[in-house]
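Order of the sequence lines sets the chain letters (A, B, ...), proteins ahead of strands, with each chain counted from 1. Because the structure is a prediction, the values reported are computed rather than measured.
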Amino acid sequence: MTLRLYNTLSGQTDPVEPADGDTLRMYACGPTVYDYGHIGNFRTFLQVDILRRFLHLEGVKVRHVMNITDVDDKIIRNAAAAGVPIREYTPKFTQAFLDDLDSLQIERPEVLARATEHIAEMVTLVERLAAAGAAYKTEDGSWYFRLAAFPEYGKLSKKDLEGMTDGARVDVDEYEKDSARDFALWKATRPGETSWDTAIGTGRPGWHLECSAMAMEFLGESFDLHAGGEDLMFPHHENEIAQSEAVTHKPLARHWFHVRFLLVDGRKMSKSEGNFYTLRDLLLKGYKASAIRLALISVPYRHQLNFTFEGLVEATAAIDRLRTLVTRLQAATLADGTTELMQAAADKAEAGYMAALENDLNTAEARAPIFDLVRATNTALDQGAVLAGDRERVLAVLAKFDAVFAVIADHDAQPTRAALAWAQEQGMTDKVAPELLAAQGLSDEAIEGLIAERNTARRQRNFKRSDEIRDELAAKGIVIEDSKDGVRWKRK
RNA sequence: GCACCGGUGGCGAAGUGGCUAACGCGCUGGUCUGCAAAACCAGUAUUCGCGGGUUCAAUUCCCGCCCGGUGCUCCA
């Protein structure tokens, strides 16, 4: 069995396999580092993470390249507003992006390519395009791509350029382009603006050029898969194809993977709507990184995802259910051996899970058999019908689930702590949920101490005192569960 | 305006031309518990936006309509 994914280019679901039979080469458009990433950005990066993690689970090696756009109009504007050169402005946001990836358990790509470190390759590409008659320079020193030189333009987004006449909403007034739809490869800069002196003149690269040049530099002229958000399909990816294929005459990527948009409360996220959230905003409201991850990956990539706070609460509860079972299994005292019932339940769950992901990464469908197994295991544990070999088998299936979903293993403390430290540094502790501050002030040792005191009180049947302690901890977001195997506690 | 996607229980969300329409959350009742929590059991859509058509049979295919979203411009 191999993974089958919807391919925007072919318009159908195609098998995804490395062309060289060994390593899948993929390029994913990364962030423009002009601000903190918002959850819409991370939905895309998370879905790409699901893809690469599932490929790994199936034993496929991956060479994943992601660009960091550290020069563009917005960066120049924001840096100017902050009164610093862009090379001093972008590192902070690049680091914030990488930290956010870690918080969400998103695996780092094999290659992170910063645009400003690959100007030479971009210049070479413009020269090759010019030699092929597909690029021209205008009087102000900018370079444009000549769409007329690439008749296949529009094959990815299935746009019919015949129907798109020059003019109307296209910015014809801009410069002396041959055709209004020709797009910028290289932008001439005004004095004082960030620029590079190169063989094709002084200026800076256009955004589309950057991805083409770096993708081919690291992955070759033709590679397996190109990923990005749906909004990038046109014009960004279409332009990448044009810029690359006009000189190589080979398909840039065989497979195009597009992640659909995230909506917030049914609308597009935007600052003016007041429904705009960064990862840090949510962490500071007290939501766990794992819950944010699960909420953003549980809807398959091909569907729009409607993000809500109810969804985060749901994800939190679902993760608790998974984690509680793992804890319960690990703590249980079990006799050796296996049972037919549990082994069959585990086999069925694993098969259903893998089949769902192989089918176009259907994460929603993949969850179902896992939760079926959770219920079956809990039921069997209640009846004392689980043996040690069953435990190993169930934990192995859950590990396979977590190899892709990455929400059971608990890494939630660090992102929350880091977000709090960041909020303090930025002087925005007023944005932090009060329970979060209270819980953070309570060390594990202090909690264990109170639980020990409560246990003593319970043994003496002093339930008034034991309930007092439980209430006190609950007010600080600490939940206590009494079980036959002892007292469990967790931070809510 | 043109194009594309979607409308499934209280919420989120799968899925299929015919099997009891997954799964998660929530809610109600029960078991367990000193009480809770966790866990389990039962209940919670006679029905899949509306109208028509094809078919022995449609939530699933076709047509029309209504509603929501997205793209066509910087954007994950």
Problem set entry | Exercise: do A/Asn67 and A/Thr69 side chains pair donor with acceptor under 3.5 Å | yes
Exercise. Whole Å only: how far is the NE2 atom of A/His303 from the P atom of B/rG7?
Worked result: 8 Å
Problem set entry | Pairwise P distance, B/rG18 and B/rA57 [rounded to whole Å] | 14 Å
Exercise. 5'-most contact on RNA chain B: A/Glu365 or A/Phe463, nearest heavy atom basis?
Worked result: A/Glu365
Problem set entry | Spacing between A/Glu472 atom CD and B/rA37 atom P, to the nearest angstrom | 20 Å
Problem set entry | Distance, C1' atom - from B/rC72 to B/rC56, rounded to whole angstrom | 46 Å
Problem set entry | Pair A/Ser298, A/Arg367: side-chain N/O donor-acceptor within cut-off below 3.5 Å | yes
Problem set entry | Inter-nucleotide P distance (B/rG49, B/rU8), Å rounded | 7 Å
Exercise. Can you tell me how far P in B/rC41 sits from the matching atom in B/rU46, rounded to whole Å?
Worked result: 23 Å
Exercise. Expressed as a whole number of Å, how far does the P atom of B/rG6 sit from that of B/rA42?
Worked result: 35 Å
For this session: Measure from CD on A/Gln460 to C1' on B/rG34 and round the result to the nearest Å.
Result: 15 Å
Exercise. Under 4.0 Å: is that the gap between some side-chain N or O of A/Arg181 and OP1 or OP2 of B/rU73?
Worked result: yes
Problem set entry | Separation of B/rG68 C1' from A/Arg260 CZ (nearest whole Å) | 12 Å
Exercise. If the P atom of B/rG29 is compared with that of B/rA38, how far apart are they to the nearest Å?
Worked result: 15 Å
For this session: Assign each of A/Arg470 and A/Ile39 to its nearest nucleotide of RNA chain B by heavy atoms, then name whichever residue's nucleotide is nearer the 5' end.
Result: A/Arg470
Exercise. A/Arg458 near the nucleic acid: base, sugar-phosphate alone, or nothing, with a heavy-atom cut-off under 4.0 Å?
Worked result: base
For this session: Figure out the CG/P separation between A/Asp382 and B/rC32, and round it to whole Å.
Result: 13 Å
Problem set entry | Gap between atoms CH2 and C1', on A/Trp256 and B/rA76 respectively (whole Å) | 15 Å
For this session: State, yes or no, whether a side-chain contact exists between A/Val48 and A/His64 at a heavy-atom distance under 4.5 Å.
Result: yes
Exercise. Across the strands shown, which category fits A/Asp72 at heavy-atom distances under 4.0 angstrom: base, sugar-phosphate, nothing?
Worked result: nothing
Exercise. Base, sugar-phosphate alone, or nothing: which one does A/Ser466 contact when heavy atoms must sit under 4.0 Å apart?
Worked result: base
For this session: Apply side chain to side chain donor-acceptor pair (under 3.5 Å) to the pair A/Thr13 and A/Asp360, showing each step before the final yes or no.
Result: CA-CA 7 Å; A/Thr13 304; A/Asp360 207 13; 4.9 Å; no
For this session: Using a heavy-atom cut-off of under 4.0 Å over every strand shown, decide if A/Gly311 touches base, sugar-phosphate, or nothing.
Result: nothing
For this session: Can you tell me, in whole Å, how much space there is between the P of B/rG24 and that of B/rG43?
Result: 15 Å
Exercise. At under 4.0 Å, does any side-chain N or O of A/Arg321 touch on OP1 or OP2 of B/rG24?
Worked result: yes
For this session: Can you tell me the distance, in whole Å, between the CD atom of A/Glu314 and the C1' atom of B/rC27?
Result: 15 Å
Exercise. Under 4.0 angstrom, heavy atoms only, what part of the nucleic acid is A/Phe371 near: base, sugar-phosphate, or nothing?
Worked result: sugar-phosphate
For this session: Starting from P on B/rC27, measure out to CD on A/Glu310 and report it in whole angstrom.
Result: 13 Å
For this session: Could you please name the option among B/rA76, B/rA39, B/rA14 that lies closest to any side-chain atom of A/Asn378?
Result: B/rA39
Exercise. Any side-chain donor paired with an acceptor under 3.5 Å for A/Asn7 and A/Gln12?
Worked result: no
Seminar exercise, completed: With A/Ile86 as partner, the option from A/Asn78, A/Ile75, A/Asp70 fulfilling side chain to side chain contact (heavy atoms under 4.5 Å, CB included) is A/Ile75
Exercise. Rounding to the closest angstrom, what is the interatomic distance between B/rU70 and B/rA37 at atom C1'?
Worked result: 44 Å
